[in-house]
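I have placed the structure first, in the form of structure tokens, so that the comments after it can refer back to it.
Chain letters run A, B, ... following the sequence lines, proteins first and then strands; every chain starts at 1. These values consider heavy atoms only, across backbone and side chains, with no hydrogens, waters or symmetry-generated copies.
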2 protein chains.
Amino acid sequence: MSVPRTSTREHILKRATMLFQGRGYNGFSFKDISAPMGIRNAAIHYHFRTKSDLCSAVIARYRDLLKSETGDFMKHGGSAKSQLDAYLAFIRHEILDARCMCPLTNVAVALDTLPGEVRAQATMLSHDLLAYLTRVMELGREQGEFQFNCAAEQKALSVKATLQGAGQLARLMGPQVVDQVIDQIRCDLGL
Amino acid sequence: MSVPRTSTREHILKRATMLFQGRGYNGFSFKDISAPMGIRNAAIHYHFRTKSDLCSAVIARYRDLLKSETGDFMKHGGSAKSQLDAYLAFIRHEILDARCMCPLTNVAVALDTLPGEVRAQATMLSHDLLAYLTRVMELGREQGEFQFNCAAEQKALSVKATLQGAGQLARLMGPQVVDQVIDQIRCDLGL
DNA sequence: AAAGTTACTTACTTATAAGTAAGTTTGGCG
DNA sequence: CGCCAAACTTACTTATAAGTAAGTAACTTT
């Protein structure tokens with residue numbers, strides 16, 4: 001019937017990603033995916049057995065995206081500063097253009113109501129993210145670009161926490177919040 | 001029938017607060033309130049016409065609590081440092097003991113799915129909070145306790161964002177996150 | 001003591017959610 | 001050409017959600 005057969009699965013994943021990152025697990029239903037696509041709920045179940053499976057796939061996909069992005073950052077061999085800026089730009093785009101949040105936010109908020117699979121994927125994502133940011137912080141300090149006098153791990157944690165919060169406050173208080181917070185992060189690193 | 005008649009409304013509000021701050025608007029139902037209390041859903045509707053009314057009341061109550069707490073902080077007339085520490089202790093307790101989040105987090109995440117009343121209350125809370133933290137930052141700089149070279153408003157925003165993020169990351173990565181992040185905030189202020 | 005008010009309960013409605021089973025269309029292949 | 005599997009749809013089930021209307025027990029006021 002419809003022409004682009006093989007891309008339906010990808011289409012579902014894209015919409016699920018937008019909704020999951022935009023509203024959280026409990027904030028959207030299959031209908032929010034199927035109706036705008038002109039398909040039926042059962043079509044989603046054909047590709048993803050359960051909502052848990054679908055959302056796990058969403059986070060796994062995000063992890064892959066991040067892996068390839070950060071891999072690219074690292075390959076470019078640039079300075080820690082340019083790598084941090086790339087990640088900050090990535091987050092900035094997520095908040096301001098896509099108007100959505102890091103999946104960690106959405107999982108953390110409703111943690112008690114979520115299937116174990118989804119929680120597990122989120123935990124892995126949090127470790128991926130922190131490991132990457134920690135490496136960037138270490139590198140930045142070695143290169144003399146960043147200045148901070150605590151463990152690199154702690155600094156990375158603090159930076160990530162601040163960005164998580166920026167996404168929330170931007171929704172409530174306006175988009176200008178994002179650049180102010182990013183500016184402050186750079187400032188606190190001595191940039 | 002049941003003895004403590006006048007306190008039912010307060011009981012409902014307390015449980016709704018725990019659930020709202022712990023799981024978000026879409027993460028709990030009336031049953032989660034009524035069942036453990038041994039009452040019926042309709043009893044909740046008697047005290048609060050709709051879920052929107054109930055959750056608006058939860059946030060309004062949180063605003064009152066905060067108003068009196070910050071009022072007390074200010075009255076004690078202590079240094080900005082002691083006021084910041086009091087707020088940090090308040091947040092620390094919320095995350096570690098009550099295992100819940102600032103209502104701003106839960107509203108921001110599912111903003112698109114929420115009734116206007118609830119959004120309005122959250123917006124007011126965000127302004128209350130930022131106004132208070134901004135005053136503390138200004139005071140701290142005047143007193144020579146805090147060091148930062150940007151607008152007090154921006155610093156306050158950044159501190160609040162970081163604390164919002166700490167609540168999330170603590171759920172996914174463990175409670176030690178909270179103290180690390182708080183330590184970093186103090187450190188970045190020159191404490 | 002009668003009437004009214006408060007604080008509920010019972011019983012219901014309506015809507016929406018996730019999920020399933022069985023049937024249907026379409027394109028590729030022997 | 002006919003068969004088969006992939007990719008769906010139709011039609012359904014089951015569960016749960018918010019919300020409502022009508023009734024009732026107990027306290028309060030006149």
Side-chain angles (χ1 to χ4, degrees), chain A residues 1-20 22-59 106-107 109-110 112-119, chain B residues 1-20 22-59 106-107 109-110 112-119:
Chain A
M1 200 176 291
S2 59
V3 182
R5 327 222 351 138
T6 58
S7 65
T8 301
R9 187 192 156 94
E10 289 303 304
H11 232 90
I12 291 169
L13 262 175
K14 267 182 196 158
R15 281 208 60 84
T17 299
M18 281 176 48
L19 288 160
F20 183 78
R23 301 189 192 172
Y25 189 91
N26 298 311
F28 75 96
S29 74
F30 281 43
K31 198 175 153 189
D32 296 318
I33 298 173
S34 59
M37 285 182 64
I39 61 173
R40 300 310 173 119
N41 283 358
I44 302 173
H45 283 288
Y46 173 75
H47 291 287
F48 303 93
R49 213 175 54 82
T50 64
K51 190 176 183 181
S52 171
D53 286 349
L54 173 59
C55 292
S56 296
V58 164
I59 303 177
N106 305 93
V107 172
V109 160
D112 295 352
T113 72
L114 300 185
E117 266 182 300
V118 176
R119 295 157 66 141
Chain B
M1 200 174 288
S2 61
V3 183
R5 330 224 346 146
T6 58
S7 65
T8 300
R9 186 193 157 94
E10 289 303 304
H11 233 90
I12 291 169
L13 262 176
K14 266 185 195 157
R15 281 207 61 84
T17 300
M18 282 176 48
L19 289 161
F20 182 78
R23 301 188 189 172
Y25 189 93
N26 298 310
F28 74 97
S29 73
F30 281 41
K31 199 176 153 189
D32 296 318
I33 297 172
S34 60
M37 284 181 64
I39 61 172
R40 300 311 173 118
N41 283 358
I44 302 172
H45 283 288
Y46 173 75
H47 292 285
F48 303 93
R49 216 175 52 85
T50 63
K51 191 176 182 180
S52 171
D53 286 349
L54 174 59
C55 292
S56 295
V58 164
I59 303 176
N106 304 94
V107 172
V109 159
D112 295 352
T113 72
L114 299 186
E117 265 182 299
V118 176
R119 295 157 66 143

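Atom CD1 of B/I59 and atom OH of B/Y25 lie 10.0 Å apart (nearest 0.5 Å). The structure places CD1 of A/I44 at 7.5 Å from CE of A/M37, a figure rounded to the nearest 0.5 Å.
Taking 4.0 angstrom as the limit, A/Y46 places a side-chain polar atom (N or O) nearer than this to OP1 or OP2 of D/dA7. Contact between the side-chain N/O atoms of B/R40 and the OP1/OP2 oxygens of C/dT10 is found at a separation under 4.0 Å. For the pair B/S29 and D/dA17, the criterion of a side-chain N or O lying under 4.0 Å from OP1 or OP2 is met. Contact between the side-chain N/O atoms of A/T8 and the OP1/OP2 oxygens of D/dC8 is found at a separation under 4.0 Å.
A straight line from CG of B/L54 to P of D/dA17 spans 15 Å, rounded to a whole angstrom. Here the P atom of nucleotide C/dT9 and the CD1 atom of B/I44 are 10 Å apart, to the nearest Å. Atom CG of A/N26 is separated from atom C1' of C/dA17 by 11 Å (rounded to the nearest Å). Atom CZ of B/F30 is separated from atom P of C/dT9 by 14 Å (rounded to the nearest Å). Spacing between atom CE of A/M37 and atom C1' of D/dC8 amounts to 12 Å, rounded to whole angstrom units. Nucleotide C/dA18 holds its P atom 8 Å from the CG atom of A/D32, rounded to whole Å. Across the protein-nucleic acid pair, A/I39 atom CD1 and D/dC8 atom P stand 7 Å apart, rounded to whole Å. Look at NE2 on B/H47: it is 12 Å from P on C/dT6, rounded to the nearest Å.
When distances run from any side-chain atom of B/A42 to the nucleotides D/dC8, D/dA21, C/dA18, the shortest one goes to D/dA21. In the set D/dT9, D/dG19, C/dC8, D/dG19 carries the atom at the smallest distance from any side-chain atom of B/T50.
Relative to the ring axis of A/F28, A/K51 places its NZ or CZ within 45° and under 6.0 Å from the centre.
At most 12 non-hydrogen atoms from other residues, nucleotides or ligands lie less than 6.0 angstrom from NE2 of B/H11. Heavy atoms from other residues, nucleotides or ligands lying under 6.0 Å from CE of B/M18 number 12 at most.
Note on B/F48: nothing from the nucleic acid sits closer than 4.0 angstrom, heavy atoms only.
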